[in-house]
Novice: 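One structure, as structure tokens, below. Some questions next.
All residue numbers in this chain count up from 1 along the given sequence. This one's a predicted model, so the numbers in the text were calculated from it and none came from an experiment. Below, all heavy atoms of this structure are taken into account, side chains as well, without hydrogens, waters or symmetry copies.
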Amino acid sequence: MELQQRQIGPLTILFGKDNGKYPQGNSLLIQGSRSSAIIDPSLGVVARQDNLPQVDMVLHSHVHEDHVAGSHLFPDVPWHAHVQDLPGLASLEGLLDIYGFEGEIRQSFEQTVLNEFHYQSHRDIHGFEDGDQFDFGGVRLTVMHTPGHTRGHCCFIIDWDGSDERLVYLGDIELTGFGPYYGDAWSDLEDFEVSLEKLRHLDAHWWLTFHHKGLIEGRAAFLPMLADFTAMIDYREQNLLAYLVEPRSMADIVAHRFIYRPGTGGVFVDAVERRSMGMHLARLVRDQRVTQVHDQYQVVPS
């Protein structure tokens, strides 16, 4: 199947297979009058390696295996990421720490990152922060720090001369029915909620996700998708509260599956459920909606 791409002003969207469905992704090429950049080189860029664009830098919305899968194809230019995700570009150990896997699952995922996502570290790495700007010559990118998925996850707001059609690159705020993913060691539920609220107040004509949804035209189309995506957090929490009418252990909660579908197996899924629901439980205990006695959690009677 021929890979698709689309030009919007000085921007070229390099779609991965199936609109960037994981492990694929949708990368973005910026071509200004003075310099150029590629955002999140994906496996779709690897598939295009016989016709690679010439760029002056690589920008990462965050550092996960699928977002750096094609970065190794640009070894002679600087790589950029938010300062809090830079360890993932500096070393393989730094990347694996972002996920928080230990033991056999860490060793297994290390091989996946190396063999399937072509991971290579880089020496010429640079950190950006919220509000930083890159001027490519007639094209400007502003960093919007949107943590939650990782500590350093960012969206990129891109404007260009002669047009009011701003594009926002959303990274892994992917607007899918699965909902927000906050199951890694460097994820944070409440940071994610703040980030989603920030996006609700942002104005743009184009919105681009790295996975699945791809290119979205118009704020009127974007906002309901953002609302549905955000609502999955409360949906999970309400399901958890309903489950805790009786005392439940963390092992019970993990086995029940609130993030993934019931019956989904594997130690990776167990780890994601434990971290994700652990954040919900911490909030519910803090807000005195759930009590914890040893390893048993139960709803506080109203």
Side-chain angles (χ1 to χ4, degrees), residues 21-25 40 42-43 60-72 81-122 125 147-153 171-172 174 178-192 210-211 233 236 240 243-244 248-285 292-297:
K21 181 179 179 181
Y22 184 87
Q24 294 282 317
D40 287 352
S42 65
L43 289 176
H60 299 93
S61 63
H62 63 292
V63 183
H64 269 165
E65 78 286 354
D66 46 337
H67 293 255
V68 303
S71 297
H72 70 284
H82 190 276
V83 290
Q84 294 189 62
D85 273 12
L86 273 186
L89 296 181
S91 71
L92 178 57
E93 287 302 307
L95 176 67
L96 294 172
D97 286 344
I98 292 175
Y99 306 105
F101 298 140
E102 300 292 343
E104 291 184 7
I105 186 172
R106 186 181 178 102
Q107 295 172 9
S108 175
F109 196 66
E110 176 179 338
Q111 294 307 307
T112 298
V113 167
L114 290 171
N115 298 329
E116 298 180 25
F117 293 95
H118 318 289
Y119 179 83
Q120 292 182 19
S121 60
H122 198 50
I125 59 175
H149 183 64
T150 67
R151 294 172 184 168
H153 186 281
D172 269 357
E174 55 192 29
F178 179 84
Y181 177 92
Y182 38 90
D184 291 345
W186 284 21
S187 300
D188 189 279
L189 166 61
E190 294 185 342
D191 281 351
F192 215 141
F210 185 72
H211 292 303
I233 295 174
R236 294 165 180 166
L240 177 60
Y243 184 65
L244 295 179
R248 309 284 189 177
S249 69
M250 178 60 82
D252 294 331
I253 293 166
V254 168
H256 187 77
R257 299 297 191 241
F258 292 90
I259 305 296
Y260 292 92
R261 293 178 180 176
T264 305
V267 291
F268 169 80
V269 173
D270 286 347
V272 171
E273 292 280 348
R274 184 172 292 105
R275 291 197 193 98
S276 301
M277 302 321 296
M279 294 180 208
H280 283 277
L281 286 167
R283 171 160 66 188
L284 292 168
V285 170
Q292 178 183 3
V293 178
H294 303 300
D295 189 35
Q296 297 289 310
Y297 299 88

Novice: For Y119, does its backbone N or O pair with a side-chain atom of E65 as donor and acceptor, under 3.5 Å?
Specialist: no

Novice: Do H60 and D85 have side-chain N/O donor and acceptor atoms under 3.5 Å apart?
Specialist: no

Novice: Please confirm whether the backbone N or O of G148 pairs with a side-chain atom of R151, one donor and one acceptor, at under 3.5 Å?
Specialist: no

Novice: Atom CZ of F210 and atom CD of Q24: how far apart are they, to the nearest 0.5 Å?
Specialist: 8.5 Å

Novice: Heavy-atom count check: over 12 atoms from other residues, nucleotides or ligands less than 6.0 Å from E104 CD?
Specialist: no

Novice: For the pair H149 (side chain) and S187 (backbone), establish whether a donor and an acceptor sit closer than 3.5 Å, ignoring hydrogens and angles.
Specialist: no

Novice: Among side-chain atoms of Y181 and E174, is any donor-acceptor pair under 3.5 angstrom?
Specialist: no

Novice: Is there a donor-acceptor contact under 3.5 Å from the side chain of H82 to the main chain of Q84?
Specialist: yes

Novice: Taking salt bridge (Lys or Arg N to Asp or Glu O under 4.0 Å) as the test, write out the residues that go with E110, two or more places apart.
Specialist: none

Novice: For the pair R106 (side chain) and F101 (backbone), establish whether a donor and an acceptor sit closer than 3.5 Å, ignoring hydrogens and angles.
Specialist: yes

Novice: Is R275 salt-bridged to D188, cutoff N-O under 4.0 Å?
Specialist: no

Novice: Taking the side chain as everything from C-beta on, heavy atoms only, tell me whether I253 gets closer than 4.5 Å to F258.
Specialist: yes

